[in-house]
Number of protein chains: 2
Amino acid sequence: MSQRVFNFCAGPCTLPLEALEEAQAEFVDFKGAGMSLIEMSHRAKEYDAVHQEALALLREVFGAPAEFEPLLIQGGATLQFAMIPLNLLTPGAKAGYVMSGSWAKKAFADAKPCGEVYEAWSGADEKFTRMPASDEIKVEPGTRYLHITSNETIGGIRFSAWPEVSVPLVADMSSEYFSRPIPWEKFDLVYGGAQKNLGPAGLAVVFICKSIVEGLNPNLSAYLRYGPHVDNQSLYNTPPMFSIWIMGKVLKWIKANGGLSAMEAAAEEKSALLYNVVEGSGGFYNSPVKASDRSQMNVVFTLSSDKLTAKFLAESNAAGLKNLKGHRSVGGCRASIYNAMPKAGVEALAKFMQEFQAANG
Amino acid sequence: MSQRVFNFCAGPCTLPLEALEEAQAEFVDFKGAGMSLIEMSHRAKEYDAVHQEALALLREVFGAPAEFEPLLIQGGATLQFAMIPLNLLTPGAKAGYVMSGSWAKKAFADAKPCGEVYEAWSGADEKFTRMPASDEIKVEPGTRYLHITSNETIGGIRFSAWPEVSVPLVADMSSEYFSRPIPWEKFDLVYGGAQKNLGPAGLAVVFICKSIVEGLNPNLSAYLRYGPHVDNQSLYNTPPMFSIWIMGKVLKWIKANGGLSAMEAAAEEKSALLYNVVEGSGGFYNSPVKASDRSQMNVVFTLSSDKLTAKFLAESNAAGLKNLKGHRSVGGCRASIYNAMPKAGVEALAKFMQEFQAANG
């Protein structure tokens, strides 16, 4: 086996090694069943135990109140961009979208064919380098929900404080899911792709407030309605069993490592290590992001030239610090430091950044 | 490791052992990358090679002409029940559905909210025990496509000959996908969930005729349109990388074992072994299905009483012949014998059936 690298990819991304090794050991013969888990019926008792445990852990680890139901739906956050307005925007209702960056723009574009939506705030003029204050968000009368992207993976910004508005929030939390607790009373629905903090790609996790399910649009095909997923505990059709299985292992790892409060504390500590290097570099490294809105999951920074950036990326890669290139739409560098990124990885990056500056500053 | 059983589950189902063992070996460290495949960016060169190889193998193994594009879409066949009418039923168009059983009924129910659809034939009065002859299918003027379920997993029937109609066919082939070649000129779109002959759950494979893409409904969110999937080679958003990886291995296994013609010949031989036991049992076992329309993938049979059925299921299970219970909606027994079910498994079942009859007949 080759040495395990530090993988700073924005997602899919590094997962707990223990979860991977456990899955590997069980992969061909699941607990003596004489077959792999992925060969089983999704109605088999062995799979059902895996499925129900994953649902229970989602609730427990995220601290979701009883009125919220976790749903496991394929298609990633991208399909949710459609399902949310299709379900929630019944006739006469509209929705506001906070335009905070690349992912908010996608969510908004996908909502347009589904109902009446509007921009409640836009950071476009400031190149998406900060989140709005609550009083900057314009909520129009008749608004069913305000959609926010709580952490922008590409821009590297997040809502450090949640918006105070008069309507329910719907939040895409994909790239900071399960890294901080949330004030549930503000939300009708919270969602995210699993492939950052929760597990492999192939799955979105949606927490929906059960009291809204009855009022959703009934005139949709079954998979696109939340109702059948709620009624069938996410077993309306064959679920993505592998992704759910691994997610369960990742959730167990989060729980064993102190749960959400420990993840949040670690995220603060790890991101501070990197932001401190940036701030202390005297301008060798720069953060384009307003200090109070800096993501604790996706640390974006720039160097003074494309040439220096290329050198930084080549040398960090050679040093086993992988996938530090910023998103192709913005350039620069980005270190995604999700829950499963060990502190040692972030320390190694911080040290590398300082050494690189000493050699090239 | 416990002994590998013969798993007759209707899906998810038995997969080639070689594919599972190979994936297990590569699981934690993918080809020396220092990380698992499921931890990689879907834009990484290692994953891209896996992705492109899977697409190429889908084309090659299924013998798809150049004008058909294979798409990898989450949500299973169930999401396709919505996407097909949403995309194809532009204003003024309607679609006919052949009501051949449980899955056709689901496809039809899910199409209703999306456009004008009608029943072109129904086998309900005959309890879905046969497929229609071509002249029984009533195609109305203005029909954009005729939807068929080429093999009904629960009823155990299939189209042994393809319908001769004046409009393009759209076929749900889920439970017999990649077990027989198809006359491509008849189809605009062919689809199926992967979790029978192709791999793990979490993926539908759609073959779409490229010439129809431009005329599809543009007024849908991105994930629900076929266009973005075609334009981005099924990388519009993060794909279900694990399921695609394993599917590639299963396709290689099909190719190495003689391809589609060998799979078809094996399916004929394996299903005949079981149907011959049923036919030769003097009524101890019965097939409810018209002889010419019997599925080669899902062999449905009954015994004379619920008590005897229960005994058969208990004893076969104890003998390592797993998951022979018929679907809860129809009862009886069902042996699903997909591509990866070895002939030895079918022979063992045939022998068990004869011995059970000798002991209980």
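In the text below, chain A, chain B and the rest are named by the order of the sequence lines, each starting its count at 1.
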- Tell me the residues of residues 223-234 of chain B whose non-hydrogen atoms fall below 4.5 Å from those of chain A, in number order. B:Tyr223, B:Leu224
- Message: Using heavy-atom distances under 4.5 Å, tell me whether A:Leu86 contacts chain B through its side chain, its backbone, both, or neither.
- Response: side chain
- Query: More than 12 heavy atoms of other residues, nucleotides or ligands under 6.0 Å from NZ of B:Lys325: is that the case?
  - Reply: no
- What residue in A:Arg43, A:Met40, A:Lys106 has the most heavy-atom pairs under 4.5 Å with chain B? A:Met40
- Note on the structure: Highest number of heavy-atom pairs under 4.5 Å with chain B among A:Ile73, A:Leu220, A:Leu203 belongs to A:Leu220
- Task: Answer yes when A:Lys322 and B:Glu39 have at least one side-chain N-carboxylate O distance shorter than 4.0 Å, and no when they do not.
- Result: no
- Task: Over all heavy atoms of both residues, which pair between B:Val28 and A:Gln24 is shortest? Give the atoms and the distance, please.
- Result: CG2-OE1, 3.2 Å
- Note on the structure: Comparing B:Gly320, B:Cys13, B:Pro240, B:Ala201 against chain A, the one with the most heavy-atom pairs below 4.5 Å turns out to be B:Cys13
- Test side chain to side chain contact (heavy atoms under 4.5 Å, CB included) on A:Thr238 and B:Thr78 and set out the steps. CA-CA 9 Å; A:Thr238 315; B:Thr78 302; over 6 Å; no
- Query: Mind checking whether A:Ile246 and B:Phe242 have side chains closer than 4.5 Å, heavy atoms only?
  - Reply: no
- Of the backbone (N, CA, C, O) and the side chain (C-beta and beyond), which part of B:Asn219 lies under 4.5 Å from a heavy atom of chain A, both, or neither? both
- Query: Counting N and O atoms only, with roles assigned by atom type, does the side chain of A:Gln74 sit under 3.5 Å from a partner on the main chain of B:Gln74, one being a donor and the other an acceptor?
  - Reply: no
- Applying side chain to side chain contact (heavy atoms under 4.5 Å, CB included), run through A:Leu20 and B:Ile38 and close with a yes or a no. CA-CA 10 Å; A:Leu20 295 172; B:Ile38 62 173; 3.8 Å; yes
- Taking only heavy atoms into account, what residues of residues 107-117 of chain B are found under 4.5 Å from chain A? B:Asp110, B:Pro113, B:Cys114
- Which of the residues B:Ser41, B:Gly202, B:Pro239, B:Ser221 is involved in the greatest number of heavy-atom pairs with chain A at under 4.5 angstrom? B:Ser221
- Query: Where does A:Ala25 contact chain B at under 4.5 Å (heavy atoms): side chain, backbone, both or neither?
  - Reply: backbone
- Message: Contact between A:Met241 and B:Pro12 at the side-chain level, heavy atoms closer than 4.5 Å - yes or no?
- Response: yes
- Task: Decide yes or no on side chain to side chain contact (heavy atoms under 4.5 Å, CB included) for B:Val5 and A:Met35, but give the supporting numbers first.
- Result: CA-CA 7 Å; B:Val5 297; A:Met35 65 179 87; 3.8 Å; yes
- Using a cut-off of under 4.5 Å on heavy-atom pairs, state which of B:Ala222, B:Gly76, B:Pro200 scores highest against chain A. B:Ala222
